[in-house]
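First the proteins, then the strands, lettered A, B, ... as listed; each starts at 1.
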Protein chains: 2
Amino acid sequence: MKKNKRSSLQDIADAVGMTKMTVSRYLKSPTKVSEDTRSKISAAIDLLGYIPNKAPDLLSNAKSFSIGVLVPSLTNQVFAQVIRGIEEITEPAGYQTMLAHYGYSPEIEEKRVEYLLSYHVDGLILSETIHTERTRQMIKMAGIPVVEIMDINHPPIQYSIGFDNIKASFDMTSALIDKGYKHIVYLGARLDMRTKLKLQGYTAAMTKRGLTPQSIMTDKPSSYSLGAKLIVKTLKDYPDTDCVFCTNDDLAIGAIFECQKSNIAVPEQMAIVGFHGHDVGQSMVPQLASVITPRQRIGNLAGETLLSAIDNKLDIIAKDRVFDVGYKINLGEST
Amino acid sequence: MKKNKRSSLQDIADAVGMTKMTVSRYLKSPTKVSEDTRSKISAAIDLLGYIPNKAPDLLSNAKSFSIGVLVPSLTNQVFAQVIRGIEEITEPAGYQTMLAHYGYSPEIEEKRVEYLLSYHVDGLILSETIHTERTRQMIKMAGIPVVEIMDINHPPIQYSIGFDNIKASFDMTSALIDKGYKHIVYLGARLDMRTKLKLQGYTAAMTKRGLTPQSIMTDKPSSYSLGAKLIVKTLKDYPDTDCVFCTNDDLAIGAIFECQKSNIAVPEQMAIVGFHGHDVGQSMVPQLASVITPRQRIGNLAGETLLSAIDNKLDIIAKDRVFDVGYKINLGEST
DNA sequence: AATTGTTATGTTACAGGTAACAATTAAAAT
DNA sequence: ATTTTAATTGTTACCTGTAACATAACAATT
C-alpha cells in the first residue's frame with residue numbers, strides 16, 4: 001500500500017530527459033521553458049503525480065509563506081472569529097495558517113511555539129501576553145515578527161492588538177450600578193489572565209461606588225452547564241444578588257437557561273450579563289447584555305500588522321506598537 | 001531586528017569545539033555523550049538558544065510525527081468536538097496535529113491536502129467523502145493512511161468512521177410523524193453533501209408515510225439569524241406547517257429564538273428539530289429535539305484507526321473498513 | 001604484551017529544490 | 001561571414017540533521 005515513494009522533481013526530469021532544474025523552472029514560471037518542454041513535463045507530471053515538497057524551502061532560508069497562529073482553545077467561538085479575521089487578510093496575501101492551541105497553559109504554549117518555529121513560520125500571532133521565559137527567548141532568537149492579541153494591559157513583545165479588559169469590565173460594572181443594581185456578583189471560570197483582569201475591573205468599579213465586590217470563581221472550563229451550576233451556587237451563597245456579571249457569554253447563557261428552568265424572571269428577579277457578545281446571546285430571548293468586542297476586527301488588524309512587519313513596512317508604526325480596538329457596552333434585555 | 005540567524009547544530013558544535021554529530025547525539029540521547037561534553041553542550045545551547053528544525057526530518061524520509069486534519073469549518077462546533085476527540089488519542093501518542101479548513105469546497109480541500117502532504121504528514125483525516133480527482137490521486141501517491149469521517153454513505157478511500165446521515169434523517173422524520181406531525185418542513189442551508197443526504201432521508205420518510213415533503217433550501221452558511229429568517233419564510237410559504245426539521249442545531253435554535261420573539265409557542269404551535277445535539281440546544285429551554293451524534297467518539301475512533309494504520313497494525317480490520325458509530329434520536333421539549 | 005571490548009567522538013553521504021552562474025544553441029544584426 | 005543577442009537548458013553549491021560506518025583512546029581480559 002505504501003511502497004512506491006512519491007516522485008521528486010528528479011523523477012519527473014528523468015522521465016522527460018532533462019535536469020530537475022528545468023522542471024523546477026516549469027513549476028515556478030512555465031514561460032521560462034520552451035513550449036515543447038512544457039508539454040512534455042506537464043504530461044510527465046500528470047502521469048507520475050508530483051506533490052510539492054516543503055522540505056527544501058525550509059532547509060534553505062526561503063520565506064515559508066506560513067504564519068503561526070496560537071489560540072487558547074478551538075471550542076471557544078471568540079477565537080474562531082479571530083481566526084477568520086486573520087485569514088481574511090493573510091490568505092489572499094498567499095500565507096498559509098499553521099494553527100495550534102494550548103489550553104490556556106503557558107507551558108503548552110511554549111511547546112506550540114517551538115513546534116511552529118521548527119516549521120519556520122514567517123510570523124506569529126499569540127493570544128496571550130503572558131509567556132514562559134523560553135517562549136520569549138525562542139521568539140527573540142527566531143527573529144520573526146510577533147503580534148499579541150486580545151488584551152493590551154501588558155507591554156507587548158513587539159506589537160499588540162486588543163482592548164483593555166480591566167477597563168471594559170470596569171465600564172460594564174459601572175453601567176450596571178448606574179442602572180440601579182446593588183448586589184452584583186462576578187462569576188469567573190478557567191482562571192486565566194483575562195478572567196483575572198476582568199475581576200480586577202469589576203472590583204475597582206464596585207469599590208469605587210461603595211459596593212461590596214463578591215465573586216464565585218472556579219478553574220473549571222466554561223460551559224453552559226457550568227453557568228447553570230454557578231447561578232445556583234450564587235443564589236445559595238448570596239441570596240440578595242440582583243445581577244451576575246459572567247466572565248464570558250457561555251456562563252451567562254447557561255445561567256439564563258437555568259433561570260428559565262427555575263422560573264426566575266430575567267431581568268426582573270435576576271439580571272445576567274456576559275462578555276464578548278456571542279451570536280447566541282445576541283439572538284436569544286431575552287437578548288444577553290454583554291461587552292461587545294470586535295473579534296473579527298482584532299483578527300484583521302493582527303493579520304495586517306503581521307504582514308506589514310514581515311515585509312518590513314512597519315518603521316512608521318514602530319513607535320505606536322499597541323493598538324486599542326475598544327469595545328461596546330450592550331445592556332440588552334437581560335438587565 | 002531580524003539579522004542574527006537562528007543557530008544550527010553546527011553553531012552549537014563550534015561553540016564547544018565538537019562536531020554537530022555529537023550535539024545531535026546529546027539532543028536525542030544525552031547518555032550517549034560524556035558527562036563533560038554534556039554540560040558543555042547544555043551551556044552552549046542555553047547561551048545560543050537552539051530551536052529545533054523540522055527541515056532535515058522532512059528532507060530525509062523520516063516519520064514526521066504529524067497528522068493532517070481537515071475540517072470544513074472552524075466555527076462549526078461539531079468539528080471542534082471532533083478535533084478534541086482526535087487529539088485525545090494522537091497527542092499522547094506524540095503526534096502533532098496540522099489543522100486546516102476548506103469551507104465545504106472540494107477545490108479548497110484539494111489545496112489543503114496538497115499543503116498538508118507538502119509537509120509530509122504521516123496520515124490524514126478528512127471530513128468529507130467527496131473529493132476532487134486530484135485530491136484522490138495525491139493521496140494515493142503519498143501512500144499514507146487516510147480516514148474519512150462523519151458520513152458512511154460512500155465507499156471510503158481507505159477507512160471511514162461516522163454514521164448514516166440518510167438513515168438518521170429518515171429515523172428522525174419517522175419519529176416526528178409517529179408523534180403526530182403532518183406538515184413537516186425541512187430547512188437546509190449551506191448545500192453540502194450532508195445537507196443533501198439528510199434531505200434525502202427526510203423525503204423518503206415523508207413519502208413512505210404518504211406525506212408531502214416540503215423544503216426550504218439556501219446555500220447561505222448556517223447561523224442563528226438564518227434560522228430566524230427561514231422560519232419566517234416557512235410560515236409565509238407553508239402556513240400549515242406544524243414542525244420544522246433543520247439540517248443543524250444552529251438553524252433550529254435561531255428558529256426557536258424567533259418563535260419566542262413572535263410569541264409562537266414551541267412546541268404547541270410549532271415543533272422545531274435540529275441535528276447533532278449541540279450543548280446550547282441541549283441546555284436551552286425548551287430543550288431542542290435533535291439527532292444526537294457522538295462527535296467526540298468519532299474523533300477518538302478516527303485517531304485510533306489512523307495511528308494503527310500508520311503503525312501497520314490494521315491487517316485485521318482491513319476487511320472491515322467502515323465503522324458505524326450510530327446516533328440517538330432525542331425528541332426533547334421542542335416537539 | 002597482545003587481544004578484545006567499551007566508550008566517545010568523527011566522517012561521509014544523503015534527502016530535494018533553487019539561486020547564481022555557465023554553457024549551448026539558434027536567431028538576428030552587422 | 002562574423003559578431004551580438006536572446007532563449008533555453010545545464011552545473012554547482014547550499015541549506016541541516018542523522019544513519020551508518022570508521023576511528024581513537026583507554027580499560028579489561030587472557
Side-chain angles (χ1 to χ4, degrees), chain A residues 4-42 44-45 48-66 114-115 117-120 122 141-143, chain B residues 4-42 44-45 48-66 114-115 117-120 122 141-143:
Chain A
N4 51 334
K5 223 175 64 263
R6 53 208 273 183
S7 32
S8 68
L9 284 200
Q10 186 63 62
D11 297 326
I12 308 290
D14 292 347
V16 297
M18 308 221 136
T19 61
K20 55 183 181 164
M21 193 62 233
T22 307
V23 183
S24 171
R25 281 197 192 91
Y26 165 80
L27 289 172
K28 301 208 77 182
S29 38
T31 56
K32 291 278 187 88
V33 304
S34 74
E35 175 63 44
D36 188 44
T37 317
R38 214 178 305 163
S39 59
K40 271 193 281 182
I41 292 179
S42 169
I45 286 181
L48 298 174
Y50 179 70
I51 301 170
N53 187 351
K54 268 280 181 184
D57 273 5
L58 300 195
L59 205 45
S60 56
N61 291 328
K63 254 179 83 168
S64 66
F65 280 96
S66 68
E114 181 181 83
Y115 157 73
L117 292 179
S118 78
Y119 278 100
H120 295 247
D122 292 332
M141 286 305 305
Chain B
N4 51 335
K5 222 177 64 263
R6 52 209 273 180
S7 32
S8 68
L9 285 200
Q10 186 64 61
D11 296 326
I12 308 290
D14 291 348
V16 297
M18 308 220 135
T19 61
K20 55 184 180 160
M21 193 63 234
T22 306
V23 182
S24 171
R25 281 196 191 93
Y26 165 81
L27 288 173
K28 302 207 76 182
S29 37
T31 56
K32 291 276 187 88
V33 304
S34 73
E35 175 63 46
D36 187 45
T37 314
R38 214 178 304 164
S39 60
K40 270 193 283 185
I41 293 179
S42 170
I45 287 181
L48 298 174
Y50 179 69
I51 300 170
N53 187 349
K54 269 278 182 184
D57 273 6
L58 299 193
L59 203 46
S60 56
N61 290 326
K63 255 179 83 168
S64 66
F65 280 96
S66 67
E114 180 180 82
Y115 158 73
L117 292 179
S118 78
Y119 278 100
H120 295 250
D122 292 332
M141 284 306 304

What's the [atom1]-[atom2] distance between [X] and [N], to the nearest Å?
{"X": "B:Y26", "N": "D:dG17", "atom1": "OH", "atom2": "C1'", "answer": "17 Å"}
{"X": "A:I41", "N": "D:dT8", "atom1": "CD1", "atom2": "P", "answer": "13 Å"}
{"X": "A:L9", "N": "D:dT9", "atom1": "CG", "atom2": "C1'", "answer": "15 Å"}
{"X": "A:D14", "N": "D:dT9", "atom1": "CG", "atom2": "C1'", "answer": "15 Å"}
{"X": "B:Q10", "N": "D:dG17", "atom1": "CD", "atom2": "P", "answer": "9 Å"}
{"X": "A:K63", "N": "C:dA19", "atom1": "NZ", "atom2": "C1'", "answer": "17 Å"}

Residue met sooner reading DNA chain C from 5', once B:E35 and B:L59 are mapped to nucleotides: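 Nearest-nucleotide comparison on DNA chain C picks B:E35.
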
Just compare [options] and give me whichever is closest to any side-chain atom of [X].
{"X": "B:M18", "options": "D:dT9, C:dG10, C:dG16", "value": "C:dG10"}
{"X": "A:N53", "options": "D:dT8, C:dG17, C:dT18", "value": "C:dG17"}
{"X": "A:S34", "options": "C:dG10, D:dT9, D:dC15", "value": "D:dT9"}
{"X": "B:R25", "options": "D:dT18, D:dG10, D:dC21", "value": "D:dC21"}
{"X": "A:D57", "options": "C:dA8, D:dT8, C:dT18", "value": "C:dT18"}
{"X": "A:M21", "options": "C:dA20, C:dG16, D:dT8", "value": "C:dA20"}
{"X": "A:Y50", "options": "D:dG17, C:dG17, D:dT9", "value": "C:dG17"}
{"X": "B:T22", "options": "C:dA15, D:dT18, C:dT9", "value": "C:dT9"}
{"X": "B:S8", "options": "C:dA8, D:dT16, D:dC21", "value": "D:dT16"}

Enclosure of A:K32 NZ (heavy-atom neighbours >12, cutoff 6.0 Å): no

A:H120 and B:N53 side chains, donor-acceptor separation under 3.5 Å: yes

Under-4.0 Å side-chain N/O to phosphate OP1/OP2 contact, A:K28 with C:dA19: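 Checking C:dA19 against A:K28, a side-chain N or O does come within under 4.0 Å of OP1 or OP2.
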
Phosphate contact (C:dA15 OP1 or OP2) by B:S60 side-chain N/O below 4.0 Å: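 The answer is no; no side-chain N or O of B:S60 sits under 4.0 Å from OP1 or OP2.
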
Under 3.5 Å: donor-acceptor pair, side chain of B:R6, backbone of A:M141: no

Main-chain N/O of B:S8 paired with B:K20 side-chain donor or acceptor, under 3.5 Å: no

Strand partner of D:dT29, provided both Watson-Crick or wobble distances fall under 3.5 Å: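 For D:dT29, the partner nucleotide comes out as C:dA2, under the 3.5 Å rule.
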
Residue whose closest nucleotide on DNA chain D lies nearer the 5' end, A:T37 versus A:K20: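 Residue closer to the 5' terminus by nearest nucleotide: A:T37.
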
Touch class at under 4.0 angstrom, heavy-atom based, for B:V23 against every strand present: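 Nothing: the residue B:V23, judged by heavy atoms under 4.0 Å, touches no strand.
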
Smallest separation among heavy atoms of B:I45 and B:Y26, with atom names: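 Closest heavy-atom pair between B:I45 and B:Y26: CD1-CE2, 3.8 Å.
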
